[in-house]
Amino acid sequence: VVEVLYFAKSAEIAGIRSETISVPQEIKALQLWNEIETRHPGLADVRNQVIFAVRQEYVELGDQLLLLQSGDEIAIIPPISGG
């Protein structure tokens, strides 16, 4: 079980700031994103813009294998828009 934290636009889309989800301990980064997107389909719109972080480390949405521990934090952070 991991905690997913949503920030700014991703929180607006998901309608929540955080939730816990149950995922395999070993999961590819892209599979983890797909699990989250299944719960909140609107996130597909920001998929290519978000920063995806696992335990406060930036992760590419690709094939690398994540070894998750129960309670790990996954953050979905949209780009910060400047003016």
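What you see is a predicted model; the values in this text were computed from it and never measured. Values below: all heavy atoms of this structure, side chains included; hydrogens, waters and symmetry mates excluded.
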Participant: Check residues 41-50 and write down every donor-acceptor pair under 3.5 Å in which the side-chain atom is one partner and the other belongs to a residue at least two apart or another chain.
Facilitator:
residue : atom : partner : partner atom : Å
R47     : NH2  : N34     : OD1          : 3.4

Participant: For R39 and S22, which heavy atoms make the closest approach, and how far apart are they?
Facilitator: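 Where R39 meets S22 most closely, the heavy atoms are NH2-N, 4.3 Å.
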Participant: Of the non-hydrogen atoms in V2 and V23, which two are nearest, and what is the gap between them?
Facilitator: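 Heavy atoms only, the tightest pair is CG2-CG2, 4.0 Å.
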Participant: I need the full list of ring-ring contact (aromatic ring centres under 6.0 Å, His included) pairs touching residues 53-74, with sequence neighbours left out, sorted by first then second residue.
Facilitator: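 As it turns out, there is no ring-ring contact (aromatic ring centres under 6.0 Å, His included) pair with a partner in residues 53-74 once direct neighbours are skipped.
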Participant: Using a 6.0 Å cut-off, check whether atom CD of Q64 has over 12 heavy atoms from anything other than its own residue.
Facilitator: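 Yes.
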Participant: I'd like to check I21 versus I74 (side-chain heavy atoms, cut-off strictly below 4.5 Å). Are they in contact?
Facilitator: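 No, side chains not in contact.
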Participant: Taking side chain to side chain contact (heavy atoms under 4.5 Å, CB included) as the test, write out the residues that go with A11, two or more places apart.
Facilitator: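 A11 satisfies side chain to side chain contact (heavy atoms under 4.5 Å, CB included) with Y6, R17 only.
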Participant: Rounded to the nearest 0.5 Å, what separates atom CG in L32 from atom CD in E37?
Facilitator: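 If I round to the nearest 0.5 Å, the distance is 11.5 Å.
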Participant: Indicate, with yes or no, if V4 and L68 share a hydrophobic cluster defined by side-chain heavy-atom contacts under 4.5 Å among Ile, Leu, Val, Met, Phe, Trp and Tyr.
Facilitator: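 Hydrophobic grouping puts L68 with V4.
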Participant: For the residue pair P78 and S10, what are the closest heavy atoms and their distance?
Facilitator: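 Looks like CG-N, 3.6 Å.
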Participant: Shared ILVMFWY cluster between L5 and L66, side chains joined below 4.5 angstrom?
Facilitator: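 Result: no, two separate clusters.
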Participant: What's the separation between atom CD1 in I36 and atom CD in E19, rounded to the nearest 0.5 Å?
Facilitator: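 It comes to 7.5 Å.
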Participant: Answer whether the closest heavy-atom distance between the side chains of F7 and I76 falls below 4.5 Å.
Facilitator: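 A side-chain contact is absent here, since even the closest heavy-atom pair is not under 4.5 Å.
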Participant: Is it possible for you to say whether W33 and I16 belong to one hydrophobic cluster, with membership spreading through side-chain heavy-atom contacts below 4.5 Å?
Facilitator: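 Yes, W33 and I16 fall within the same hydrophobic cluster.
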